[in-house]
Every structure is written in C-alpha cells, then in structure tokens.
*Asks:* 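What follows is a structure written as structure tokens; I'll ask about it next.
All values reported here derive from a predicted model rather than from experimental measurement.
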Amino acid sequence: MSHSSFVSPNTGRPVRAVLFDTFGTVVDWRSGIAQQVDAFAAERNLPLNGLAFADTWRGGYYPAMAKIKSGERDYTPLDVLHRENLENAFSAHGVDPKSISAGDVDRLNHAWEHLPGWDDSIEGLTRLKSRYVVGPLSNGNTALLVNMGKNASLPWDVVIGLDLLRTYKPNPDAYLGAARLLRLEPGEIMLAAAHNYDLKAAREAGFATGFILRATEHGPDQTTDLEAAADWDISVSSIIELAEELKV
C-alpha cells in the first residue's frame, strides 16, 4: 500500500484506502431493480410497476436492520433480509408471494447482484485504484458484493461485506473492523458515500470522509442527501471528481 499525497484535513493523516458505500453511491439500485422486476413481471403477467416495487423493496431495508441494531434480532445477512422484504413487497403490490415458486423468488432476490454502476463509477474507481486501495464498505454481505462487483465490472481491490464483522453501519464496529482487516489506522481510510448519516458515523469512528452527490438515487423527486450536511473532507458529484480531488 503506497502512501498517497492527499492528507485528510480532519484526520491529519495521508489517506491510503478509499472505501465506498455501494448501494446508491457506486451502483444505481433503483433503476437496476426496476428493470429486473419489470422483466420478471412481464414473463409472469404480474401487474407490477418496477420503479414503485423497487422503492417498496428497498423501503424495508432500514426497518429490517433496525431490529438487528436494537438487539431485538441476531445478526442476519442482507441477502436474507432482502428475501424477507421481497415477499413483503409482493404482498404490498397485490401479489401473493406463495403464488410464485420459491426458486423464482430466490432468483429475483439475486437482482441486487446485477445493478449498473453510475456512469462515472468504473472510470473513477480505476483512477483511484492506481494510488489507493479501493473497495466497498457496505451493509451488503460478501457474496452479494463480490457478485455485484463482477457483474458491474467494478475494479475493487478488496471486498468487505459486513457479514465478516456481523454488524451493520452506522455501528462504529463496521468502520473500525474494516480498518483492522486492512491493517490501517481509521484516519488512513476515507469513506466515500452519498449518505450523510454514513459519513457522520465514519467521521465519529475516525475516518476521513468524502461526500458524493447522487441526486437521483431515489428518483427525480428525491428530497434527501441533496447536499453535504457537514464539512466533509471532500464534497463532489462523481467518483471521477473524487479521484481528481485525491490527486489521481
């Protein structure tokens, strides 16, 4: 791991690795899920709207994780939570999940492994990789993230799925555990994310921070994360711009 020339104003240390929130920051989950749901529905003549279904399916994400964060439920990998939330989404959209074979529901659950990167993702990550260690620091589990990276040609150096640490962001153990796995000090890692809550937790754990604006992650009427909510080290609107700010 070579030393970089970008020193984080907040940590006072050279950044050696840039880890990324992934859903929404690196990949466009909403259109990716919507396209696959539309194809799934067309094959089976189901009355589903892909975008609305994607929003419902993703909408179960934080409530499901909240039960784990509160201790009400033991750690459960995101794949499993997605599968439970998929059945709930079918019901919410007027389709009885039991009317679809378990194998077909499982196949659709793998849609999260087939998400397109934003237009700037591959080029930006490739540039960053020339100097920094790059990888996801995502609530996704390792198999999901490895397969997503392969399918979207994301040039990761390392994949840290939080099933390795049995926790979820924004628990500080997620960030500190990732630093331990890479044998780096927290201040030598930048978290790059489109979500201010994630950056806040990363900073509290001692990380450098980079905000990437993704104003259409939730569609054209998005109301959240439309600007940096604090003085993050870097605030940009693409991963290519992040690479420029990090001098590569």
Side-chain angles (χ1 to χ4, degrees), residues 17-41 43 50-51 53-62 64-65 68 75-90 97 100-126 128-129 132-169 174 177-178 181-182 191-195 198 212 214 217 239:
V18 185
L19 301 183
F20 286 81
D21 171 69
T22 305
F23 297 109
T25 300
V26 179
V27 296
D28 177 6
W29 61 265
R30 188 173 187 260
S31 13
I33 293 295
Q35 287 166 5
Q36 293 173 84
V37 167
D38 281 335
F40 184 90
E43 286 168 10
L51 287 170
F53 193 93
D55 290 336
T56 302
W57 193 0
R58 175 73 173 182
Y61 176 72
Y62 292 107
M65 285 194 299
I68 295 166
Y75 175 79
T76 306
L78 187 60
D79 270 346
V80 177
L81 301 182
H82 274 156
R83 179 68 164 72
E84 294 169 1
N85 293 337
L86 174 54
E87 294 202 8
N88 295 337
F90 277 128
I100 302 166
S101 75
D104 281 356
V105 177
D106 287 340
R107 275 187 285 280
L108 185 57
N109 197 45
H110 285 289
W112 295 93
E113 299 177 0
H114 298 270
L115 302 178
W118 296 107
D119 288 346
D120 55 273
S121 292
I122 293 173
E123 180 183 339
L125 291 173
T126 301
L128 286 165
K129 183 184 169 86
Y132 303 94
V133 171
V134 294
L137 178 52
S138 165
N139 283 329
N141 43 291
T142 304
L144 188 166
L145 293 168
V146 166
N147 293 332
M148 178 204 296
K150 292 294 276 185
N151 291 325
S153 301
L154 303 175
W156 300 131
D157 289 309
V158 63
V159 173
I160 300 172
L162 285 178
D163 56 326
L164 297 177
L165 299 168
R166 295 183 66 80
T167 190
Y168 279 115
K169 298 184 298 181
L181 288 171
L182 293 176
L191 180 78
H195 310 121
D198 200 357
I212 302 171
R214 297 299 190 194
E217 175 192 354
I239 301 176

*Asks:* Measure across L78 and N141 and return the closest heavy-atom pair with its distance rounded to 0.1 Å.
*Replies:* N-OD1, 3.5 Å
*Asks:* Is the side chain of N139 donor-acceptor paired with the backbone N or O of Y168 at a distance under 3.5 Å, no angle test?
*Replies:* no
*Asks:* Could you pull out the closest heavy-atom pair between A178 and L165, with the gap in Å?
*Replies:* N-CD1, 3.7 Å
*Asks:* When rounded to the nearest 0.5 angstrom, what distance separates CZ in F40 from CD1 in I100?
*Replies:* 4.5 Å
*Asks:* Output yes when a side-chain donor or acceptor of N151 lies under 3.5 Å from a complementary backbone atom of H114, and no otherwise.
*Replies:* no
*Asks:* What closest approach, in Å, do G24 and A194 show between heavy atoms, and which atom pair accounts for it?
*Replies:* O-CB, 4.4 Å
*Asks:* Looking at CG of D79 and CG of D163, how far apart are the two atoms once the value is rounded to the nearest 0.5 Å?
*Replies:* 8.5 Å
*Asks:* Look at the rings of F23 and W112 and say which category their plane angle falls in: under 30° parallel, 30 to 60° tilted, over 60° perpendicular.
*Replies:* perpendicular
*Asks:* Can you name the closest pair of heavy atoms from A34 and A54 and give their distance?
*Replies:* N-CB, 4.1 Å
*Asks:* Kindly compute the distance separating CD (Q35) from CZ (R30), expressed to the nearest 0.5 Å.
*Replies:* 11.5 Å
*Asks:* Can you tell me how far CD1 of I33 sits from OG1 of T56, rounded to the nearest 0.5 angstrom?
*Replies:* 12.5 Å
*Asks:* Under a 4.5 Å cut-off applied to non-hydrogen side-chain atoms, are K169 and D21 in contact?
*Replies:* yes
*Asks:* Can a donor-acceptor pair be found, under 3.5 Å and without considering hydrogens, that links the side chain of D198 to the backbone of A193?
*Replies:* no
*Asks:* When you compare the side chain of W57 with that of L108, does any pair of heavy atoms fall below 4.5 Å?
*Replies:* yes
*Asks:* Let me see the working for L81 and I68 under side chain to side chain contact (heavy atoms under 4.5 Å, CB included), right down to the final yes or no.
*Replies:* CA-CA 11 Å; L81 301 182; I68 295 166; 4.0 Å; yes
*Asks:* Would you confirm whether D157, through its side chain, and V134, through its main-chain N or O, come within 3.5 Å as a donor-acceptor pair?
*Replies:* yes
*Asks:* If I compare all heavy atoms of L137 with all of A174, which pair ends up nearest, and what's the gap?
*Replies:* CD1-O, 3.9 Å
*Asks:* So do the side chains of L162 and S138 get within less than 4.5 Å of each other, counting heavy atoms only?
*Replies:* no
*Asks:* For Q36 and G32, indicate whether the former's side chain and the latter's backbone hold a donor-acceptor pair under 3.5 Å.
*Replies:* yes
*Asks:* Can you list everything that forms a salt bridge (charged side-chain N to carboxylate O under 4.0 Å, His left out) with R107? Sequence neighbours excluded, please.
*Replies:* D104
*Asks:* V26 versus L125: any side-chain heavy-atom pair under 4.5 Å?
*Replies:* yes
*Asks:* Any side-chain heavy atom of L19 sitting closer than 4.5 Å to one from L182?
*Replies:* yes
*Asks:* Can a donor-acceptor pair be found, under 3.5 Å and without considering hydrogens, that links the side chain of N147 to the backbone of A143?
*Replies:* yes
*Asks:* Measure the shortest side-chain to side-chain distance between I212 and W118 over non-hydrogen atoms and say whether it is less than 4.5 angstrom.
*Replies:* no
*Asks:* Looking at every heavy atom in both I122 and A152, which two are closest together, and how far apart are they?
*Replies:* CD1-O, 3.4 Å
*Asks:* Within the side chain of D28, is there an N or O that forms a donor-acceptor pair under 3.5 Å with the backbone of P116?
*Replies:* no
*Asks:* Rounded to the nearest 0.5 Å, how far apart are CG of D55 and CH2 of W29?
*Replies:* 5.0 Å
*Asks:* For the atom pair OH (Y75) and OG1 (T167), what is the distance rounded to the nearest 0.5 Å?
*Replies:* 8.5 Å
